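Structure record follows, encoded as structure tokens.
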Protein chains: 2
Amino acid sequence: MTAQLELVETFAALGDPVRQLIVERLAEGDATVNELAALFPISLQAVSRHIKVLEAAGVVSRSRVAQSRPVHLEAASLIRTADWLEAHRLRLESRYERLDAVLEELKES
Amino acid sequence: MTAQLELVETFAALGDPVRQLIVERLAEGDATVNELAALFPISLQAVSRHIKVLEAAGVVSRSRVAQSRPVHLEAASLIRTADWLEAHRLRLESRYERLDAVLEELKES
DNA sequence: AACTTATTCAACCAAAAGGTAGAATAAGGT
DNA sequence: ACCTTATTCTACCTTTTGGTTGAATAAGTT
């Protein structure tokens, strides 16, 4: 999967209220599917699928501990995503600084 | 619209390949619907709707210049979104620092 | 081996998303 | 007034998404 595609997938993964709350919970620490499902008024299976979406996007990873499959939030994906936003914000703002400079010059002349 | 909802909407808005490319283009400067539509192999109407989604999420804003409705990327929404990611990354990592500290203590004893 | 716990798979359904094309609206130019 | 340009609205269609339930799998306990 290319970096660009993964980024789109990451945004899409975070663009669902249930998944966004799952991520917020996981920022506090790893959790099992059961624990996460307890937070929502939907079935365990539905939550399991949400986690699958997050995993496919690289937002979370999973391991095995006895019967459980603890879900772990991946900092790297958060960083990559924030970096993309930051890069575009900077490009946008530097453009405006240039524009401001031009306007300033015009004012002076 | 609450901040939380807007954030979900923003992620969802960026979670589409066409819209993500629109944002990348807009980081270079404002553009009209026509100009943006020229970048994609889909109809003008489809692009117009993508822009509407971005606008509803607060990612872009629009003005009027003659018949055109130039689309402008909103830095504030990029910042809010990046901030959310950053905050959760930090919470996640500070947790691991604490864990590392605990492991370090155990090693010493 | 049988039972319990944790999670996933599969089939199904309704709603939402993303595309199309044609008609309508808005603003400028002749 | 009329014509052109830019954009949006509407109706429609297909695919994807998010939910459900019941059955299956995986691992641990008795």
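Note on naming: letters A, B, ... go to the chains in the order of the sequence lines (proteins, then strands), and numbering restarts at 1 for each one. Remember, it's a predicted structure, so these values are computed and weren't measured experimentally.
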Requested in this report: Write down the distance between CG (B:D16) and P (D:dT17), rounded to a whole number of angstrom.
Outcome: 11 Å
Report summary line: Whole-Å distance, B:L44 CG to C:dG22 P, equals 14 Å
Query raised in the report: Any side-chain N or O of B:S43 less than 4.0 Å from the OP1 or OP2 oxygen of C:dT20?
Result: yes
Query raised in the report: Nearest-Å distance, CG (B:N34) to P (C:dA26)?
Result: 18 Å
**Report entry** Gap separating the CD atom of A:E74 from the CD atom of A:E55, nearest 0.5 angstrom
**Finding:** 10.0 Å
Requested in this report: Write down the distance between CZ (B:R64) and P (C:dT25), rounded to a whole number of angstrom.
Outcome: 15 Å
Query - Side-chain (B:R62) to main-chain (B:R69) donor-acceptor, under 3.5 angstrom - result: yes
Report task. Kindly say whether, by distance alone, the side chain of B:Q45 makes a donor-acceptor pair under 3.5 Å with the base of C:dG22? Result -> yes
Query raised in the report: Is any side-chain nitrogen or oxygen of B:S48 closer than 4.0 Å to OP1 or OP2 of D:dT7?
Result: no
**Report entry** Atom-pair distance (CZ on A:F11; C1' on C:dA17), nearest Å
**Finding:** 19 Å
Report task. Mind calculating the distance between CZ (B:R49) and P (C:dG19) to the nearest angstrom? Result -> 8 Å
Query - Interatomic distance, A:R62 CZ vs C:dT8 C1' [rounded to whole Å] - result: 9 Å
Query raised in the report: Would you say the side-chain atoms of B:S48 pair up with the backbone N or O of B:L44, donor to acceptor, closer than 3.5 Å?
Result: no
**Report entry** Nearest listed nucleotide, side chain of B:A66, among D:dT8, C:dG28, C:dA6
**Finding:** C:dG28
**Report entry** N/O donor-acceptor pair under 3.5 Å between A:Q20 side chain and A:L14 backbone
**Finding:** yes
Query raised in the report: Under 4.0 Å: is that the gap between some side-chain N or O of B:R19 and OP1 or OP2 of C:dG18?
Result: yes
**Report entry** C:dG19 OP1/OP2 closer than 4.0 Å to side-chain N/O of B:H50
**Finding:** yes
**Report entry** Main-chain N/O of B:E6 paired to B:T10 side chain as donor or acceptor, under 3.5 Å
**Finding:** yes
Query raised in the report: Rounded to whole angstroms, how far apart are CD on B:Q67 and C1' on C:dA27?
Result: 5 Å
Requested in this report: Give a yes/no on whether any side-chain N or O of B:K52 is located under 4.0 angstrom from OP1 or OP2 of D:dC9.
Outcome: yes
